[in-house]
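Accompanying notes for the structure given below.
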Amino acid sequence: MDCVIEGNCVRAFGKAIHALSRIGDELWLDPVVKGVSHRLQTARSHETTIKRVPNELKLALRAVNSTHSAYACFLFSPLFFQRYRPEAGTAQGCGTFKCKLVMKSVLPLFRCLASIERNVDRCEIKVSIMDARVVFQFHCRHGMIKTHNLSFCESEAMQAVFPSHLCPNVLKAQARLFCDMVRNFPVCQEEVTLSITPSRVNLRNHIEEGSNNTKTMYTDMSLHLSEFDYYQFGVDSDITFCLKELRGFLSFAESHCLPVSVHFGAAGKPVCFSVEDLVLEARVVLATLTDLESTAPSQTWEAQVTATPSFL
């Protein structure tokens, strides 16, 4: 693979890696030749859809956490790059490849996004199958070039199988609204509960049974449906999911002023947060806790994860 990213797109690429670093410790780099099979199924009749070329070439960045309860994918269109050649460096007849990098080795390259925006003119990414190396080369101002060689291992990329078009409940709003909602909770808050009714949406912090409630601040916010660009109610539901993996994704969406769509159903079913524009698509799929009223006290978050590996 050989691609070139220029200007503000370098910062956007780094912002995506920051979001993925909140999900897992490994990063899958996946040049996608047939984009059709990797569509994010978020298009519905009421939403604005984007035409896709059947054989459009895309680059996918993916991450999954260790318990398989959170998955994220960023798909970059060829329009995002100044040059994108997914077949470069690949042996003939071998087709596309899928490589896995250690997140700790990639994240430092994009650690300071403000510095990248000021000093980096373009970034070249090359993958050498023979050497099992991914080369990140930053062309900075004043003629400075920084080259980083990272080892990778070949690995099949994770893929979330999530039919979002079948979800009964859909919310769509500007990323700023969701970010403002999340900012009401402390960074240490692990899980939140999202509730939906025909007229309102509630978001509150999740407090585990048996915890000392006298030392815990309880936050509950309520929003009218008029706050959302689109609101589809199918069934009453209260879903509890982890907030940590979502913060980076919402930060990415807010920095690019992208509307966020949320597809979900009953408790125990995954929830999907997604964004889409002309040059990229991204989504985060999170497992949710099962209904505690119908679950034995011994069944915890880990039990829910093992019960729903099918969304990966």
Side-chain angles (χ1 to χ4, degrees), residues 1-30 59-65 70 72-77 79-84 99-128 133-152 174-176 178-180 182-183 185-189 242-258 260 273 275 277 279-284:
M1 185 194 76
D2 179 12
C3 65
V4 176
I5 310 171
E6 289 189 340
N8 293 332
C9 290
V10 180
R11 186 179 186 276
F13 192 83
K15 193 77 173 178
I17 292 178
H18 276 241
L20 291 169
S21 69
R22 291 177 176 264
I23 302 292
D25 297 327
E26 295 170 324
L27 174 69
W28 277 266
L29 189 67
D30 180 11
L59 177 66
L61 300 182
R62 313 173 196 264
V64 63
N65 66 356
C73 175
F74 285 78
L75 278 175
F76 295 94
S77 163
L79 296 175
F80 180 82
F81 304 93
Q82 195 275 331
R83 182 180 74 237
Y84 178 48
C99 66
K100 182 173 65 175
L101 297 165
V102 178
M103 187 66 76
K104 287 184 178 179
S105 65
V106 182
L107 188 59
L109 308 186
F110 299 89
R111 177 70 69 182
C112 185
L113 296 177
S115 177
I116 288 177
E117 188 174 24
R118 290 193 307 266
N119 302 314
V120 176
D121 293 324
R122 73 177 188 273
C123 173
E124 296 184 15
I125 305 175
K126 298 180 180 179
V127 178
S128 174
R133 296 271 182 179
V134 179
V135 180
F136 290 84
Q137 191 171 78
F138 295 90
H139 294 255
C140 307
R141 295 180 181 178
H142 310 297
M144 181 181 296
I145 299 177
K146 299 179 181 180
T147 304
H148 307 270
N149 292 272
L150 307 181
S151 300
F152 74 85
Q174 294 300 312
R176 181 179 294 275
F178 291 104
C179 288
D180 288 344
V182 168
R183 291 190 184 105
F185 300 96
V187 178
C188 60
Q189 180 65 46
C242 190
L243 190 59
K244 173 188 172 184
E245 288 87 353
L246 184 60
R247 290 183 184 272
F249 175 83
L250 292 180
S251 176
F252 177 91
E254 183 182 31
S255 65
H256 293 84
C257 301
L258 296 174
V260 177
F273 294 79
V275 297
D277 72 358
V279 298
L280 68 89
E281 304 171 47
R283 66 171 172 172
V284 172

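Here the side chains of Phe152 and Val127 are in contact, with some heavy-atom distance below 4.5 Å. When side chains are defined from C-beta on, Gln137 does not count as touching Lys126, because their heavy atoms never get closer than 4.5 Å. The closest side-chain heavy-atom distance from Met103 to Ile17 is below 4.5 Å.
A donor-acceptor pair is defined here as one N or O able to donate and one able to accept, closer than 3.5 Å; such a pair exists between the side chain of His18 and the backbone of Phe110. In this structure a side-chain-to-backbone donor-acceptor pair under 3.5 Å is missing from Asp30 to Ala60.
For Leu29 against Met1, the heavy-atom pair with the smallest separation is CD2-CE, 4.1 Å. Closest approach of Val134 and Cys99 over heavy atoms only: CG2-SG, 4.2 Å. Shortest non-hydrogen contact noted between Val284 and Ala72 is CG2-CB, 3.9 Å. What you find for Ile145 and Thr147 is that their closest heavy atoms are CG2-OG1, 4.0 Å. The shortest non-hydrogen separation linking Leu59 to Phe81 is CD2-CZ, 3.7 Å. Of all heavy-atom pairs between Arg122 and Glu6, the closest is CB-CG, 3.7 Å.
Contact check on Asp2 versus Arg83 returns a salt bridge, with a Lys/Arg side-chain nitrogen under 4.0 Å from an Asp/Glu carboxylate oxygen.
Under the rule for a ring-ring contact (aromatic ring centres under 6.0 Å, His included), the partners of Phe273 that lie at least two apart in sequence or sit in another chain are Phe241. By the side chain to side chain donor-acceptor pair (under 3.5 Å) test, Lys100 is found to be paired with no residue, residues two or more places apart in sequence or in another chain being considered. Every ring-ring contact (aromatic ring centres under 6.0 Å, His included) that Phe80 has, sequence neighbours left out, goes to Phe76.
Between atom OG of residue Ser21 and atom CZ of residue Arg111 there is a gap of 7.5 Å, rounded to the nearest 0.5 Å. Here Arg247 contributes atom CZ and Leu243 contributes atom CG; the two are 4.0 Å apart, rounded to the nearest 0.5 Å. Ile116 CD1 to Phe138 CZ: the interatomic distance, rounded to the nearest 0.5 Å, is 5.5 Å. Summarising the geometry, atom CZ belonging to Phe13 is positioned 15.5 Å from atom CG belonging to Asn8; distances are rounded to the nearest 0.5 Å. Going from atom CD of Glu254 over to atom CZ of Arg176 covers 5.0 Å, rounded to the nearest 0.5 Å. Distance check, rounded to the nearest 0.5 Å: CG of Leu107 to CZ of Arg22 gives 10.5 Å.
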Decide side-chain contact (heavy atoms from CB on, under 4.5 Å) for Arg133 and Ser151; before the verdict, give the C-alpha distance in whole Å, the side-chain angles of both, and the deciding distance to 0.1 Å. CA-CA 5 Å; Arg133 296 271 182 179; Ser151 300; 3.4 Å; yes
Could you walk me through whether Leu109 and Leu150 pass side-chain contact (heavy atoms from CB on, under 4.5 Å), step by step? CA-CA 11 Å; Leu109 308 186; Leu150 307 181; 4.0 Å; yes
Passes side-chain contact (heavy atoms from CB on, under 4.5 Å), Ser77 versus Glu281? Steps please. CA-CA 8 Å; Ser77 163; Glu281 304 171 47; over 6 Å; no
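More than 12 heavy atoms of other shown residues, nucleotides or ligands fall within 6.0 angstrom of atom CG in Asn149. Heavy atoms from other residues, nucleotides or ligands lying under 6.0 Å from CG of Asp121 number more than 12. Within a 6.0 Å radius of CZ in Arg183, other residues, nucleotides and ligands contribute more than 12 heavy atoms.
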